[in-house]
Amino acid sequence: MINLDIKDVFFDLDHTLWDFDRNSKVTFEKIFSQNHPEVAIDDFIKHYVPNNQACWKLYQYDKITHQQLRYDRLRLSFDAIGYAISDTEIDYISQEYIDLLTENNHLFEGTFEILDYLVEKYKLHVITNGFAHVQQKKLNNAKLSSYFSTITNSEMAGVKKPNPIIFEYALNLAKAKKETSIMIGDSIEADVLGALEAGIDAIYFNENKEAVDSNIKQINHLLELKNYL
């Protein structure tokens with residue numbers, strides 16, 4: 001059912017609009033083909049995806065630093081496939097990865113169509129835990145920037161989702177009200193429960209069709225947002 005009260009729509013970026021896993025794999029393929037051609041990319045990615053998620057969760061709650069996140073997700077993945085590599089090489093790959101990642105701009109199916117649809121009816125915004133300079137490059141290179149009135153990142157807010165402070169910061173920046181706002185993201189914990197705890201309605205982008213509480217609004221494809229907005 002379409003909510004006629006909504007005025008401001010907040011999106012997460014990675015894994016919601018910007019296809020992080022696909023772009024990440026393409027980036028590693030380029031790096032490894034030039035420097036470590038013996039690395040089996042599919043084996044590496046099989047470990048990197050969960051390791052990256054686990055490291056981001058620790059970073060989300062300030063249990064590791066930005067630099068630790070960038071190092072640990074690689075070290076854990078190389079160790080998992082039994083590939084010997086020095087810390088110096090990991091540091092190099094870590095920086096190369098950040099430099100090249102934003103050159104790949106695969107988006108989830110329906111991204112432009114749904115944004116074109118929504119921007120005519122609502123003010124659109126981004127709330128992201130990603131690093132400011134990287135996220136801005138993603139938005140610019142993927143031609144998404146023009147859709148959004150405000151961009152809130154965790155560096156600006158001083159905290160990360162699901163901390164309610166970042167949602168309050170985003171609302172103030174957007175001059176939006178909780179009662180007429182909604183958050184859309186791929187993380188139950190950071191995006192959905194974080195928004196709900198802050199008093200903002202939320203929709204879970206459940207692309208992998210995971211089992212969730214029936215009370216949680218969810219979509220499996222971005223265009224399904226038309227059922228709610």
Side-chain angles (χ1 to χ4, degrees), residues 1-20 53 56-57 59-61 107-108 110-132 135-136 138-139 142 144-145 147-210 212-229:
M1 180 182 293
I2 293 176
N3 187 337
L4 299 177
D5 296 327
I6 297 296
K7 291 181 171 57
D8 292 87
V9 179
F10 293 83
F11 278 94
D12 178 43
L13 182 59
D14 292 337
H15 304 284
T16 301
L17 299 174
W18 199 83
D19 192 342
F20 182 92
Q53 290 173 344
W56 267 100
K57 191 164 186 177
Y59 177 72
Q60 181 177 298
Y61 288 102
L107 304 174
F108 282 100
T111 293
F112 286 120
E113 184 177 342
I114 198 61
L115 292 178
D116 284 335
Y117 166 81
L118 293 173
V119 79
E120 296 295 322
K121 304 169 67 177
Y122 310 98
K123 285 177 64 180
L124 307 184
H125 314 273
V126 168
I127 308 178
T128 173
N129 280 352
F131 310 125
Q135 300 303 75
Q136 193 58 58
K138 290 175 184 176
L139 288 163
L144 293 176
S145 295
Y147 289 99
F148 299 105
S149 299
T150 66
I151 311 293
T152 295
N153 62 67
S154 54
E155 291 175 64
M156 297 162 57
V159 296
K160 309 169 192 74
K161 297 176 292 183
N163 192 311
I165 291 173
I166 193 171
F167 293 99
E168 293 286 351
Y169 185 100
L171 288 168
N172 289 333
L173 186 65
K175 297 181 173 57
K177 295 180 179 179
K178 294 179 181 181
E179 300 79 16
T180 56
S181 298
I182 196 163
M183 177 75 200
I184 299 153
D186 72 291
S187 170
I188 281 286
E189 190 172 358
D191 299 314
V192 177
L193 298 182
L196 293 173
E197 184 68 23
I200 303 167
D201 200 1
I203 298 173
Y204 177 38
F205 177 43
N206 188 7
E207 192 212 7
N208 296 322
K209 300 181 179 179
E210 297 175 2
V212 293
D213 191 302
S214 59
N215 291 323
I216 291 176
K217 297 184 182 76
Q218 64 171 301
I219 57 169
N220 306 130
H221 189 286
L222 288 174
L223 294 181
E224 292 173 19
L225 284 172
K226 292 183 181 182
N227 297 329
Y228 292 102
L229 299 166

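Atoms considered below: every heavy atom in the structure, side chains included; atoms not considered: hydrogens, waters and symmetry mates. Predicted model, so just to flag it, every value in this text is computed and none were measured.
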Residues Asn227, Glu224; criterion side chain to side chain contact (heavy atoms under 4.5 Å, CB included); working and verdict: CA-CA 6 Å; Asn227 297 329; Glu224 292 173 19; 4.0 Å; yes
Pairing of Lys217 and Asp201 as salt bridge, 4.0 angstrom limit: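 Result for this pair is yes, salt bridge flagged.
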Salt-bridge present (Lys161, Asp12; N to O < 4.0 Å):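 So Lys161 pairs with Asp12 through a salt bridge.
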Tyr59 six-ring centre to Lys160 NZ/CZ under 6.0 Å and within 45° of normal: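 Checked: cation-pi criterion met.
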Geometric cation-pi criterion, Lys7 with Tyr122: 6.0 Å, 45°: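 Judged by the rule (NZ or CZ under 6.0 Å from the ring centre, within 45° of its axis), Lys7 is not positioned above Tyr122.
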So which atom in [X] and which in [Y] form the shortest heavy-atom distance, rounded to 0.1 Å?
| X | Y | answer |
| --- | --- | --- |
| Ser154 | Gly130 | OG-O, 4.0 Å |
| Leu229 | Leu118 | CB-CD2, 3.8 Å |
| Trp56 | Asn129 | CZ3-O, 3.5 Å |
| Gln136 | Ser145 | NE2-OG, 3.6 Å |
| Pro162 | Gly194 | CB-CA, 3.6 Å |
| Val126 | Leu139 | CG2-CD2, 4.5 Å |

Check against side-chain hydrogen bond (donor to acceptor under 3.5 Å, both in side chains), His125 and Ser149: CA-CA 6 Å; His125 314 273; Ser149 299; 4.8 Å; no
Parallel, tilted or perpendicular, as decided by the 30° and 60° cut-offs, for the rings of Phe205 and Phe108: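 Aromatic pair Phe108/Phe205 classed perpendicular.
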Would you say [X]'s side chain and [Y]'s backbone share a donor-acceptor pair under 3.5 angstrom?
| X | Y | value |
| --- | --- | --- |
| Asn153 | Ala132 | no |
| Asn163 | Ile166 | no |
| Asn172 | Glu168 | yes |
| Thr16 | Gly185 | no |
| Asp213 | Asn215 | yes |
| Thr111 | Leu107 | no |

Distance check, rounded to the nearest 0.5 Å: [X] atom [atom1] versus [Y] atom [atom2]?
| X | Y | atom1 | atom2 | result |
| --- | --- | --- | --- | --- |
| Thr152 | Met156 | OG1 | CE | 5.0 Å |
| Ile114 | His221 | CD1 | NE2 | 9.5 Å |
| Thr150 | Leu173 | OG1 | CG | 4.5 Å |
| Asp186 | Glu207 | CG | CD | 9.0 Å |
| Leu144 | Phe11 | CG | CZ | 10.0 Å |
| Lys177 | Asp5 | NZ | CG | 11.5 Å |

Ile219 and Ile203: CA distance, side-chain angles, deciding distance, side chain to side chain contact (heavy atoms under 4.5 Å, CB included) verdict: CA-CA 7 Å; Ile219 57 169; Ile203 298 173; 4.1 Å; yes
Gln135 and Asp14: CA distance, side-chain angles, deciding distance, side chain to side chain contact (heavy atoms under 4.5 Å, CB included) verdict: CA-CA 9 Å; Gln135 300 303 75; Asp14 292 337; 3.4 Å; yes
Over 12 non-hydrogen atoms of neighbours within 6.0 angstrom of CD in Glu189: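 It does: Glu189 CD has more than 12 such atoms within range.
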Residue pairs, two or more places apart or on separate chains, that pass ring-ring contact (aromatic ring centres under 6.0 Å, His included) and touch residues 147-199: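 Listed once each, the pairs would be none.
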Intermediate values then yes/no, side chain to side chain contact (heavy atoms under 4.5 Å, CB included), Ile184 and Asp191: CA-CA 7 Å; Ile184 299 153; Asp191 299 314; over 6 Å; no
Short side-chain donor-acceptor distance under 3.5 Å, Lys57 and Gln60: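 There is no such pair between these side chains.
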Flag side-chain contact, heavy atom, 4.5 Å: Leu171 against Ile200: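 Yes, close enough: below the 4.5 Å cut-off.
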Check: Lys123 and Val9 side chains under 4.5 Å, non-hydrogen atoms: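 No, side chains not in contact.
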